[in-house]
Each structure stands twice: as structure tokens, then as C-alpha cells.
Amino acid sequence: MTVVAVIQARMSSSRLPGKVLEALGDSSVLAWVVDAARGARSVDRVVVATSLDPSDDALATAAADLGVDVARGPLEDVLARFVVALDAYPADMVVRLTSDCPLLDPRVIDTCVELLASDPSMDMATNVLDRTYPRGLDVEVMRADALRASARAAVAHHRAHVTSWMMAHRAEFSVGGVTSDLAAADLRVTVDTPEDLAVVRAVVDALGARASRADELVAYLRSRPDIVALNAHVEQKPETSG
């Protein structure tokens, strides 16, 4: 099976504009997400899906400079943007990643792909069904035909949330869950605010490349409640990374 990882990204974040190109370690937030996708042995191609809006021209250039493919589509209809990416780069499975999750663990991507591949009746596999990983290590893997079916049917806010139509119509779409023994759903390493960025930078400064290993990430944060407290008050928006 061919697997494409699609990283949704745009510059016009309401709480931290341009966050995906913010510096992180020796590179950028976006570069860390790209590296995580490339590090997954199950992924055959990495695509950054951004919008056609001029505000995202710099992002498209940055993605191309990282050596990944770029697909551009509607700004607000992120689900349609995924279809644009799938049309341009056909695959059997699509890994949905968001550009504000720089500490993604490639091994979690592989686990989700393996679960979906193991059951032909399953339409999506994800680690967000029953959260055991920190917020910011979110992975969703869909069969291409299921993605296209949801894109034909989805309306209203489901167009922006990409997978929420599948989640809301479980009689039509079979969704499997991936869990771990980390018990870390209370931790937050997604980047949506300046406080979030401060946490992620602190982790990268301390762990370097090992920040992308979920077990080491969680162990470090458990040892540093002062860092966890920096963004503990931040409320998660329904969709932050489109």
C-alpha cells in the first residue's frame, strides 16, 4: 500500500500568526513536523497542504525548501485541500498531521498505519479516540476512499475539521483507536500560543532530537512541572492548525 503523509498548514493562525515557521532548535516548527513524517518507515511521501491565499506563499516556499511536495487549495475548506493533495499525489492511505505538532513521534505514525493496514474493514485509525498521548502527538490515518467519501458528504464545520465527519458518523465509518501506557493526556505540546511555543522550545533545548520520542518527552515533562505549568492554562481550540 502507498501511504502519503499530508501536513495541513497555514500562516493565518488567530492566536499565534506564522507559528509554523517559528524557530525551533536549529530549524522551524514546520521542519520538525516534516522530519517526523519522514522518520516514519510506513510513509512513502510527505506533502504540505496549504492554501492558495497569498498569505501562505512564504509557507509554500519554506516547504519546498525542505524538499517536500506542496499542494495548495482552499483556505477554510481544509477537507477539500486534502482531496487536492490526494489528487496530486495518489495513495491508498492518508496520514493526517497538523503543522503545529512539532514533537510528533514517528513510531506513533507507524503504529496507526499498521493498525489500519491490519483490518480491511477499518476506515480510520487514530490515537485521539481515547487520549493517552500528550496533546500535540495526534495522528489520524484514513483510507483514501473513506477520505473521499467523507469529502463528498461533509458539510459546515466538518469541512474545516477534516475527520470530524467520520467521527460523527461511526455507523458509516469504522474507526480504530491506538493507545499507550503513557497516561499523558494532561500534557500539552501542540503550538497554538506563545506559552505553547515556550514549552516546546524548552523541551527541544533539553532533549534535542529525543524530544520526538514520546516516552522520553513524557518522562522529561513529568520531571519538570515548572515547564508544564507554562501552558497548563491554555484551552484547546476546536481546530488550530488548518
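Residues: numbered from 1 along the sequence shown.
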Q: Identify the heavy atoms of H158 and S164 that sit nearest to each other, and give their distance.
A: ND1-OG, 2.7 Å

**Q.** Closest contact, heavy atoms only, A37 versus L97
**A.** CB-CD1, 3.8 Å

Q) Picking from D53, T50, D57, L21, what satisfies side-chain contact (heavy atoms from CB on, under 4.5 Å) with M11? A) L21

Q) Going from CZ on F173 to CE on M142, what distance comes out if it is rounded to the nearest 0.5 angstrom? A) 11.0 Å

Q: Establish, from distance only, whether the side-chain atoms of S180 and T132 form a donor-acceptor pair under 3.5 Å.
A: yes

(Q) Looking only at side-chain N and O atoms, does S42 offer a donor or acceptor that is under 3.5 Å from a partner on D110? (A) yes

Q: Would you please classify the geometry between the H169 ring and the W165 ring as parallel, tilted or perpendicular, with 30° and 60° separating the classes?
A: parallel

Q. Hey, does L197 have a side-chain heavy atom less than 4.5 Å from the side chain of V29?
A. yes

Q) Would a 4.5 Å heavy-atom cut-off, applied to side chains only, mark D65 and T61 as touching? A) yes

Q. Any side-chain heavy atom of S13 sitting closer than 4.5 Å to one from D192?
A. yes

Q. With a 4.5 Å limit on heavy-atom distance, are the side chains of V199 and V228 in contact?
A. no

Q: Answer yes or no: is there a side-chain heavy-atom contact under 4.5 Å between R15 and V234?
A: yes

Q.
Main chain of E195, side chain of N231: is a donor-acceptor contact present, judged purely on distance under 3.5 Å?
A. no

Q | Flag for R96-Q8: side-chain donor and acceptor within less than 3.5 Å | A | yes

Q | Donor + acceptor pair across side chains of T163, E140 (<3.5 Å) | A | yes

**Q.** Check: R10 main-chain N/O paired with D56 side-chain donor or acceptor under 3.5 Å
**A.** no

(Q) Could you check whether D100 and T98, counting side-chain N and O atoms only, form a donor-acceptor pair closer than 3.5 Å? (A) yes

Q: List for me each residue that meets side chain to side chain contact (heavy atoms under 4.5 Å, CB included) alongside L52, sequence neighbours excluded, and say none if there are none.
A: R72

Q: May I ask you to decide whether R170 forms a salt bridge with D123, counting only side-chain N to carboxylate O separations under 4.0 Å?
A: no

**Q.** Check: R45 side chain, V68 main-chain N or O, donor-acceptor pair, under 3.5 Å
**A.** no

Q) Hey, does the side chain of S99 reach the backbone of L30 with a donor-acceptor pair shorter than 3.5 angstrom? A) no

Q | Nearest atoms (heavy-atom pairs only) where V33 meets P102 | A | CG2-CA, 3.7 Å

(Q) If the condition is side-chain hydrogen bond (donor to acceptor under 3.5 Å, both in side chains), which residues does R143 pass it with, not counting sequence neighbours? (A) none

Q | Nearest heavy-atom neighbours spanning A80 and P74 | A | CB-CG, 4.0 Å

Q. For the residue pair V94 and L86, what are the closest heavy atoms and their distance?
A. CG2-CD1, 3.8 Å

Q: Could you tell me whether R188 and E235 have a side-chain N and a carboxylate O separated by less than 4.0 Å?
A: no

Q. Where the side chain of W32 meets the backbone of L24, is there a donor-acceptor pair that is under 3.5 Å apart?
A. yes

Q. How close do V84 and A71 get, heavy atom to heavy atom, and via which atoms?
A. CG1-CB, 4.4 Å

(Q) Keeping D196 on the side-chain end and T193 on the backbone end, is there a donor-acceptor pair under 3.5 Å? (A) yes

(Q) Check whether K19 reaches the backbone of V191 with its side chain - one donor and one acceptor, N or O, closer than 3.5 Å. (A) yes

Q. Is it the case that one hydrophobic cluster holds both V128 and L79, taking links as side-chain heavy atoms less than 4.5 Å apart, direct or via other members?
A. yes

Q | Pairs flagged by ring pair (Phe, Tyr, Trp, His ring centres under 6.0 Å) wherever residues 216-235 is involved - sequence neighbours left out | A | none

(Q) Given 3.5 Å as the limit, does a donor-acceptor pair link the side chain of D92 with the main chain of A144, or not? (A) no

(Q) Is the shortest side-chain heavy-atom distance between R107 and R213 below 4.5 Å? (A) yes

Q. Would you call L103 and V200 a side-chain contact if the rule is heavy atoms closer than 4.5 Å?
A. yes

